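I have placed the structure first, in the form of structure tokens, so that the comments after it can refer back to it.
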Amino acid sequence: MNIFYNEIGVGDVLLVQLTPEKVEKVVTETKGDVTLVKDAQSNQVLAINVFNFSKYGKIETKGNVELTEEFVEKVQQALNTNGADFQLEVDLSPKFVVGHVESLEQHPNADKLKVCQVNVGETTLQIVCGAPNVDAGQKVVVAKVGAVMPSGMVIKDAELRGVASSGMLCSARELALPNAPEVKGILVLDENAEIGTAFVPV
């Protein structure tokens, strides 16, 4: 789930994106200040717009809103107040974490891609990476599925040249870190970085 708010650019509307998937046709259902955007075929709720959100909660940021338990409760309260029959299910685990490249092999269908097995603490993810400096044994920054990059790109499960990939190994430039090198390559962390912990730029 990704939440966006920009009062100057969009108005007093909270935009809640529940899935990055695009569908052919959508329908909307409005209850008071709340509009549910649904897949016309499956009736699955894809997004929620909460109008006049300042009545329900205060937001200082412009753009992506940080997901916290307290904020999710405010959004749920707004839904309940307007009689919108929908229960938010939110994964509050960090989306940018320290990973350890356990192993990698050449992509079978692409010379410049590697298929990496990356330990992120609670699980091991298969991530296809094209960085020239990626290697086994490295501690790296992993953007997990659901992460929103500084560019606005949402990370989702993908298939690259026929191989499944769940996440992305990040460069300093992709993370919009100050003084990021222009040279292509992922950001390699200190070997003491703790696997599975949230990545916080220093």
Side-chain angles (χ1 to χ4, degrees), residues 1-6 14-21 59-75 88-105 107 110 112-160 163-202:
M1 180 166 75
N2 300 302
I3 300 182
F4 306 88
Y5 184 83
N6 185 337
L14 189 75
L15 306 173
V16 181
Q17 181 189 42
L18 299 174
T19 170
E21 300 303 321
I59 306 177
E60 301 292 347
T61 55
K62 289 177 188 172
N64 291 332
V65 179
E66 184 186 354
L67 278 179
T68 64
E69 200 169 331
E70 182 187 13
F71 189 77
V72 171
E73 281 176 13
K74 283 182 183 174
V75 179
L88 292 168
E89 292 179 11
V90 185
D91 175 12
L92 292 172
S93 63
K95 293 295 179 283
F96 293 91
V97 298
V98 176
H100 180 250
V101 182
E102 302 280 345
S103 64
L104 79 167
E105 57 187 31
H107 191 295
K112 293 186 177 179
L113 297 178
K114 299 284 195 301
V115 181
C116 308
Q117 304 302 321
V118 187
N119 179 356
V120 292
E122 78 283 0
T123 189
T124 298
L125 301 175
Q126 177 169 288
I127 299 175
V128 176
C129 179
N133 65 329
V134 65
D135 206 352
Q138 292 172 333
K139 297 278 181 74
V140 295
V141 181
V142 178
K144 294 164 67 178
V145 171
V148 181
M149 301 301 293
S151 65
M153 180 177 72
V154 179
I155 302 300
K156 52 188 176 180
D157 283 314
E159 203 173 272
L160 298 173
V163 175
S165 183
S166 298
M168 185 171 92
L169 306 187
C170 303
S171 69
R173 192 165 49 173
E174 287 163 336
L175 293 166
L177 299 181
N179 304 315
E182 291 298 317
V183 182
K184 284 186 178 179
I186 56 168
L187 176 64
V188 179
L189 302 174
D190 188 277
E191 60 182 22
N192 295 324
E194 192 176 339
I195 298 168
T197 57
F199 170 71
V200 181
V202 189

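Only this structure's heavy atoms are used, side chains among them; waters, hydrogens and symmetry mates stay out. Everything quoted here is computed from the prediction, not taken from an experiment.
Residues that satisfy the salt bridge (charged side-chain N to carboxylate O under 4.0 Å, His left out) test with K144, not counting sequence neighbours, are E122.
Contact detail for S103 and A136: the closest heavy-atom pair is CA-CB, 4.2 Å. Smallest separation of non-hydrogen atoms from C116 and L169: SG-CD1, 4.3 Å. Closest non-hydrogen pair, C129 versus I186, comes out as SG-CG2, 4.1 Å. When every heavy atom of S166 is checked against every heavy atom of I127, the shortest pair comes out as O-CG1, 3.5 Å. Across A131 and G185, no two heavy atoms sit closer than the pair CB-CA, 4.1 Å. Of all non-hydrogen atoms in V97 and G196, the two that sit nearest each other are CG1-O, 4.0 Å.
Between E182 and R173, some side-chain heavy-atom pair lies under the 4.5 Å cut-off. Proximity of I3 to L15: side-chain heavy atoms (C-beta onward) are nowhere separated by under 4.5 Å.
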Dump the intermediate steps for side chain to side chain contact (heavy atoms under 4.5 Å, CB included) on L104 and V115, then the final yes or no. CA-CA 5 Å; L104 79 167; V115 181; over 6 Å; no
Trace of the side chain to side chain contact (heavy atoms under 4.5 Å, CB included) decision for V163 with Q126: CA-CA 9 Å; V163 175; Q126 177 169 288; 3.4 Å; yes
Apply side chain to side chain contact (heavy atoms under 4.5 Å, CB included) to M168 and F96, showing your working. CA-CA 10 Å; M168 185 171 92; F96 293 91; over 6 Å; no
Apply side chain to side chain contact (heavy atoms under 4.5 Å, CB included) to residues I195 and T197 and explain how you reach the verdict. CA-CA 6 Å; I195 298 168; T197 57; over 6 Å; no
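At least one donor-acceptor pair under 3.5 Å links the side chain of K139 to the backbone N or O of E191. At least one donor-acceptor pair closer than 3.5 Å links the side chain of S165 to the backbone N or O of V128. Under the 3.5 Å distance criterion, the side-chain polar atoms of H107 are matched with a main-chain donor or acceptor of L160.
Heavy atoms from other residues, nucleotides or ligands lying under 6.0 Å from CD of E102 number more than 12.
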Would you mind writing out the side-chain donor-acceptor pairs for residues 64-74 within the sub-3.5 Å range, not counting sequence neighbours?
residue : atom : partner : partner atom : Å
T68     : OG1  : F71     : N            : 3.1

